[in-house]
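Please read the structure below before turning to the comments.
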Amino acid sequence: MAEESNPREQGSKITLRAKDYAQWYQDVVRCADLAEPAEVVRGCMVIKPHGYAIWEKIQAELDRRFKALGHQNAYFPLFIPESFIRKEAEHVEGFSPELAVVTIGGGKELAERLIVRPTSETIIGHFFSKWISSYRDLPLKINQWANVVRWEMRPRVFLRTTEFLWQEGHTAHASHEEAVEETLQMLNVYESFAREFMAMPVIAGRKTPSEKFAGALTSYTIEAMMQDGRALQAGTSHDLGQNFGKAFDVKYLSKEGKLEYVWQTSWGVSTRLIGGLVMCHSDDNGLVLPPKLAPIHVAVVPIYKSDGERTSVLEACNKLGGALRNRGLSVIVDDRDECKPGAKFFEWERKGVPARVEIGPKDLAKGHVAVKRRDGGDRFFVPRDGAPDRILSLMDEIQDSLRKRALEFRESHTRTCDSFAEFVEIMAGPEGFVRGGWCGDAACEAKVKETTKATIRCIPLNNPKESCPCMVCGKPAEERVIYAKAY
RNA sequence: CGGGGCGUAGCUCAGCUUGGCUUAGAGCGCGUGGUUUGGGACCACGAGGUCGCGGGUUCGAAUCCCGCCGCCCCGACCA
């Protein structure tokens, strides 16, 4: 049905996933009214109310989790003096190509150019050095919700926009051990959030040196699989070592009276998560949302002909709506007179509302309501009395079902491979994840990228040691890593 | 940055090759009135456009020429 060339479908047409995955993604984003390309500003997007509501839900839960672990929110300047960026050699090299620079302010050329922050390690490092003087000031655990700008070559709504929203956590510790612990703890927060709230299973692991954050000692990541088999880096957590501590002179006096550099971490997730959410669960009819992140849980659609029917049907709808709201659900009773029920069904379906309830004269007579879940299956009926509780428990079922479905998809698209020739063949096809050995040589990693465009997404945490051949050179390797093409 | 596409009504586009037959059009959307309402309703009337910008050619330019700007898509980078 998504392919009908009915003129009234213009602007709301969704390309089939199997036909053109990239176009399908854009269509779902547009039809679900999540965001639109800003057009007047290259690479930027307008996050529309329905999309922003999802972001607010993501924010609320992550913020809760961060604070529960002792982090405090703060806010740092949008502009960073150019000299700050230059203080950490690897950092400047990594970010230079994608910086936006302000050269004029108030009509006058600036004495020092200002960088629109691409990330805040440098300016936060500067302030940490002012705030930290004793081991008693540590650990310092700060989080910032902010926008950042990276002049990417090819923007894509949510997945890679010039400006995006994110949170960046920055912490300083007295020991490397404690910093590593923090890095892994926050990676774990991301992993569990993705699994529990987004219903998106991810593989948590370590980046190879060539893929790590510019300026970090070690970077960790969570990698999700999209429905086209590609990987999405959904969040990162970095062990910064003393690199920024040394660059910004962040020192403290230890208990023993010695002056030491702090050990820092940084970690972030962004509005890219929304893109991941879309690509993980949605289908040819539009957006599919896990209930825990859905701005609207239930759409109640009244069906009536006469005015008399309208009154009694709407009364029943509002009563059910109230009962559902009392159970903590967000409900819309779609009492618009100007469109027919069918149009309403399509609209809420496209927007990913997890469940739809229909109430009409027939239902009133039979004492039940009709329920349709967005994630599939036929419409079914539940008695009116038990409907609120049944629909509440349905939310958990949908959440769980989406997670299981995504996990099964990932598992059925993950292959173990020992031969480079076979690997090249896999990457030419419908893709997916490949578990293959890696000897640790950057040359082998580079060869994979050159020939297939795939990369090592991560070396999974708690990876079982396994003697296997390096998938590229055949030399002995100690463990398998995740190879995939990425967004 | 390389390759491709596009800029005409709120949206999607036709018209451009062969300049005048257009007083710039269509569908969708929007407004008003009526009939409708269990999977995208229909009829009637109506509002809405300096044809991306700047030059040029011509009696005459959305259409031809030159220059500029912008956006989207496909490749090399990232959260």
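Sequence lines set the chain letters: A, B, ... in the order given, protein chains first and strands last, and positions in each chain run from 1. What you see is a predicted model, and the numbers here were worked out from it, not measured in a lab.
- In this entry the distance linking OH of A/Tyr304 with P of B/A41 reads 13 Å, nearest Å.
- Using a distance-only test at 3.5 Å, with no hydrogens or angles considered, a donor-acceptor pair links the side chain of A/Glu90 to the main chain of A/Gly215.
- Note on A/Pro361: a base of the nucleic acid sits closer than 4.0 angstrom, heavy atoms only.
- One C1' atom belongs to B/A26, the other to B/C66, and the distance between them is 33 Å to the nearest Å.
- Comparing B/C28 with B/A14, their C1' atoms are spaced 14 Å from each other, to the whole Å.
- Look at A/Glu61 and A/Arg65 and you find a salt bridge, because one of the NZ, NE, NH1 or NH2 atoms lies within 4.0 Å of a carboxylate O, short of that distance.
- Per the geometry, CD belonging to A/Glu338 stands 16 Å off C1' belonging to B/G34, to the nearest Å.
- A salt bridge is absent between A/Asp228 and A/Arg17: the closest approach of a Lys/Arg side-chain nitrogen to an acidic carboxylate oxygen does not fall below 4.0 angstrom.
- For B/G39, the base has a donor-acceptor partner in the side chain of A/Glu349 [N/O atoms by modelled type, under 3.5 angstrom].
- When all heavy atoms of A/Met395 and A/His297 are compared, the pair lying nearest together is CE-O, 3.7 Å.
- To the nearest whole angstrom, the two C1' atoms, one in B/C51 and one in B/C64, are 16 Å apart.
- For the P atoms, the distance linking B/G19 with B/G60 amounts to 15 Å, nearest Å.
- The aromatic ring of A/Phe346 sits over the base of B/G40, with ring centres less than 5.5 Å apart and planes tilted by under 30°.
- Rounded to an integer number of Å, the gap from A/Trp151 CH2 to B/C1 C1' is 15 Å.
- Both A/Lys305 and A/Glu347 lie close to RNA chain B; mapped to their nearest nucleotides by heavy-atom distance, the more 5′-ward contact belongs to A/Lys305.
- With salt bridges taken as basic N to acidic carboxylate O contacts below 4.0 Å, one links A/Glu358 and A/Arg356.
- In this structure, A/His126 has its ring center under 6.0 Å from that of A/Phe84.
- If you take CD of A/Glu358 and P of B/U37, they are 16 Å apart, rounded to a whole angstrom.
- For A/Lys340 and B/G38, the shortest distance from a side-chain N or O to OP1 or OP2 is below 4.0 Å.
- For A/Lys87 and A/Phe244, the positive end is not near the middle of the six-membered ring at less than 6.0 Å and at most 45° from its axis.
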Whenever both distances are under 3.5 Å in a Watson-Crick or G-U wobble pair, mark it; put RNA chain B into dot-bracket that way, with [ ] for crossing pairs and | when the partner is on another strand. (((((((..((((......[....)))).((((((.....)))))).....(((((..]....))))))))))))....
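- On the C1' atoms, B/C74 is 25 Å away from B/C11, given to the nearest whole Å.
- Look at the C1' atom in both B/C45 and B/G39: the space between them is 30 Å, to the nearest Å.
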The contact string for nucleotides 72-79 of chain B, one letter per nucleotide 5' to 3', using protein heavy atoms under 4.0 Å with B, S and - for base, sugar-phosphate only and none, comes out as SSBBBBBB
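- Looking at A/Arg379, its side chain has no donor and acceptor atom pair within 3.5 Å of the base of B/G39.
- Using P as the reference atom, B/C21 and B/G67 are 29 Å apart when rounded to the nearest Å.
- Rounded to an integer number of Å, the gap from CZ of A/Arg30 to P of B/G29 is 15 Å.
- A/His50 and A/Trp55 have their aromatic ring centers separated by at least 6.0 angstrom.
- The existence of a salt bridge linking A/Glu211 and A/Arg206 is excluded, since no basic side-chain nitrogen approaches an acidic carboxylate oxygen closer than 4.0 Å.
- Here, B/G52 and B/A62 have their P atoms 10 Å apart, quoted to the whole Å.
- Residue A/Lys362 contributes atom NZ, which lies 9 Å from atom P of B/G38 at whole-angstrom precision.
- A salt bridge between A/Glu191 and A/Arg195 is present, with a side-chain N of the basic residue lying under 4.0 Å from a carboxylate O of the acidic one.
- Taking atom CG of A/Asp337 as the reference point, atom C1' of B/U32 lies 16 Å away to the nearest angstrom.
- Using a 4.0 Å cut-off between a side-chain N of Lys or Arg and a carboxylate O of Asp or Glu, A/Arg230 and A/Glu431 qualify as a salt bridge.
- Across the protein-nucleic acid pair, A/Asp363 atom CG and B/U37 atom C1' stand 15 Å apart, rounded to whole Å.
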